[in-house]
Novice: 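Structure in structure tokens, see below.
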Amino acid sequence: MFKVKREPLISAVMLLISLGMTTSCIDNGYDLNKDIDLTISVGGDAFTIPLGFSEETKLSKLIEETETLKLEDGVYSIRKDDTIDPVDINVDDVNIHIDRPEFEGTRVNFEAKIDNFTITDKSKEVPLKAPEIDVNVDLPKDKELNDNGPIVKTNETHTLHNNSSFEFRYPKENSEWPKEVKTIKTVVLHDDSNGNDLGQKITFTVKTPANMIRIDNFAVTFPEGFILKNINGKDKGNSIQLATNNILDKTIATYEFYVYGQELNKNNPEIISINSEIKFDSKYTTVGTPNDNDKVYVDMGKTDFIFDHAIVATNEIETDVTPDEVDMSTTITGLDDINKIFTIQFDKNSPNIKIAITKKDPQLPVDFKDGYLVIEFPDCYQLKLEKQNKTSITYSDGKLIMPAVDMIGSEVELKLTSANLENETVENNQIKLEKAVQYYLKDNTSMILQSDEVSSSNIANLSGETLDIDITAGEMIIENAKVDAKAYTAEVKDETSFKVEQEVDNALSRLKTIAWKEGDNPKITLKINFSKVYEKGINKLNLTGLKIQMPKFIKFAADETDIDENNILTFKNETATDISKEYEKPLKTIGMDFSYMDDKGLETEESTAADGSKKRTLKIKEEQAKATITGNVKTLSGEILNTSELQGILVQPYADIDEMHVGKVTGTVDPVIESVEEEVDLDLGDDLDFLKDEGNELDIHNPQIKLTLKNTVGVPVDLELNMYNTDDNGKK
């Protein structure tokens, strides 16, 4: 608080009085009843004459309000013209305290997005490396059966028959019995039944005049073990009845049947050889009257018996899968702000990588007896087994292992949790990831056939068969990535106010400038707190270009070159090197300047306390003390960080302000001039004792009052003085 020590405005008063002794002569030129109080107090050896008093007033009534007050090291100086010497009025020291201003904070989100990570669906045909198993059978060629002759007399019976050698050999000449084949179950002939699996069609024709004969019996017999079927597919063993008690009403009758094949059930002999015959027997009775030239013909035209396949049982079949790979490539795009990717973490809702192993030919009768199929993923992928349809399948250390007996028809889902791309290079804002999934069989895998009765046509060319390994994935959802980043930028925008409320001397009505005591350099230390829970990742932030508009009334030291004439602080080439700690920027101040406010400065506020005392307060309104922060903060290029940690960083500036000791002030002063009351004591000594006697009176003749005033404020003032008398009750 400013406390003013004033010298009285009336510093010396001299009362010059001419005294005379009389009882009758009074100078009537003075109307003392109107001018001064004539009440005289007499006591002891002295009496007192009241001179009068002045009213309380303010200096502003005496001097023009444009006068300027300066406070220098605790002393007021009022100056009007250069020709007037200053008169100092001492005051107590002044300290100004500004409460800590604090921004609410701006939560910034850096955009460090990787657009996509898509694993392309791939399918691989895996050839089974196995021996060719060819079941070779020699069957008769150009076989025919026929007989004919003149029709016998009416009501006579005759028989037609014939036979033909029928030989076949397994294996063919100069061929070996395949060691993989354990048993020949059945030799099956070519199928002529339009897919009904009846076998090879055989046709017999009978030619004779119409209504001439009746077929009593017509049978065809093949070697033992052969299977003959009629046109309806019924199994007739090795002998089939084509006609019985049938009068031929046409000149040509056709009879058809099928030869399916021959059951052998031979276990791995060196040679299987059949030496037998096929034959037919036809018995007929003449029912018409034949001519001598009428004949009966029974004919099976030339027929090639064609081998189709054999039903066999096999031994174990050694097989292998040539180690190979399935492409699992992907292209990662949208890396404009990234120099390098180290790791990518994937969201749990990303699609699973699905692997399915199927037979290309669903009829392939192969199963596996032992061994394992190993599917090995690139080291850069971290996966975990999510689902499988066979519990024997396991996954660890990047290897999916499934017993060979379970691999066909297996379905597996793996969750891709992360990818390590430390050795990959970003080119043209993308990474082309060419990584393949390796697969191979191990532990002497052997194949077996699914049944003891398998068609040789299905195993004759096993090495040409394949398994299909299908990998399907899709676009992975990226949750986080550890990257070597370029500079990401986020906008900061916030505001606050400096709160100043300081009690000052009652005489100080308006402030223009304040300067601190000589040698005192109070600082405003700007601090920025970066609030976030960190693990690893972003550590530094570049503050270059960040601007803080400081309140205009604060005056900074001339060497604070980062602050311009508008009190805008611009961060230049500055970096918060550890954002887990506060960033500090101290700024030296030299004072305050309020002269821009209405060209008169800052008016102080007067208030009255409960006890009636007056006080004045230096109070800066919020809009006058506003501070704003704008601009950008940036990550540093080349810093290793996690993209998830670029979200929700709170940038919160505040300021610690030293206590400010006032040295010099300019402004407007309006001190109170207190009232002055003067009395003059006259010591007349022992000579006036006679006045105590009854009947004596004192008559003052031509009193003269001389009032001397001294101007202690150092500026011309206009005074209006009034003298007046009062009665015994103090009334004018």
Novice: Side chains of Ser193 and Lys229: is there a donor and an acceptor less than 3.5 Å apart?
Specialist: no

Novice: Would you call the rings of His158 and Tyr284 parallel, tilted or perpendicular, where under 30° means parallel and over 60° means perpendicular?
Specialist: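 If you compare the ring of His158 with that of Tyr284, the planes turn out perpendicular.
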
Novice: Considering all heavy atoms of both residues, which atom of Lys124 and which atom of Glu325 are nearest to each other, and what is their separation?
Specialist: CE-O, 3.4 Å

Novice: Going by the angle between their ring planes, with limits at 30° and 60°, are Phe226 and Phe222 parallel, tilted or perpendicular?
Specialist: tilted

Novice: Out of curiosity, Thr203 OG1 to Asp299 CG, how far, rounded to the nearest 0.5 Å?
Specialist: 10.5 Å

Novice: Checking side chain to side chain contact (heavy atoms under 4.5 Å, CB included) for the pair Asp142/Asp304: CA distance, chi angles, key distance, verdict?
Specialist: CA-CA 5 Å; Asp142 298 332; Asp304 293 337; 3.1 Å; yes

Novice: Please say whether more than 12 non-hydrogen atoms of neighbouring residues, nucleotides or ligands are located less than 6.0 Å from NZ in Lys340.
Specialist: yes

Novice: Between Arg214 and Asp216, does at least one N-O distance fall below 4.0 Å, as a salt bridge requires?
Specialist: yes

Novice: Restricting to pairs with a member in residues 252-263, which pass side chain to side chain donor-acceptor pair (under 3.5 Å), not counting sequence neighbours?
Specialist: Asn246-Tyr255

Novice: Among Leu373, Val126, Asp468, which residue meets the side chain to side chain contact (heavy atoms under 4.5 Å, CB included) test with Ile357?
Specialist: Leu373

Novice: Is it the case that the side chains of Asn267 and Thr183 hold a donor-acceptor pair, with the cut-off being a distance below 3.5 Å and no angle test?
Specialist: yes

Novice: In this structure, are over 12 heavy atoms from other groups packed under 6.0 Å from Lys141 atom NZ?
Specialist: yes

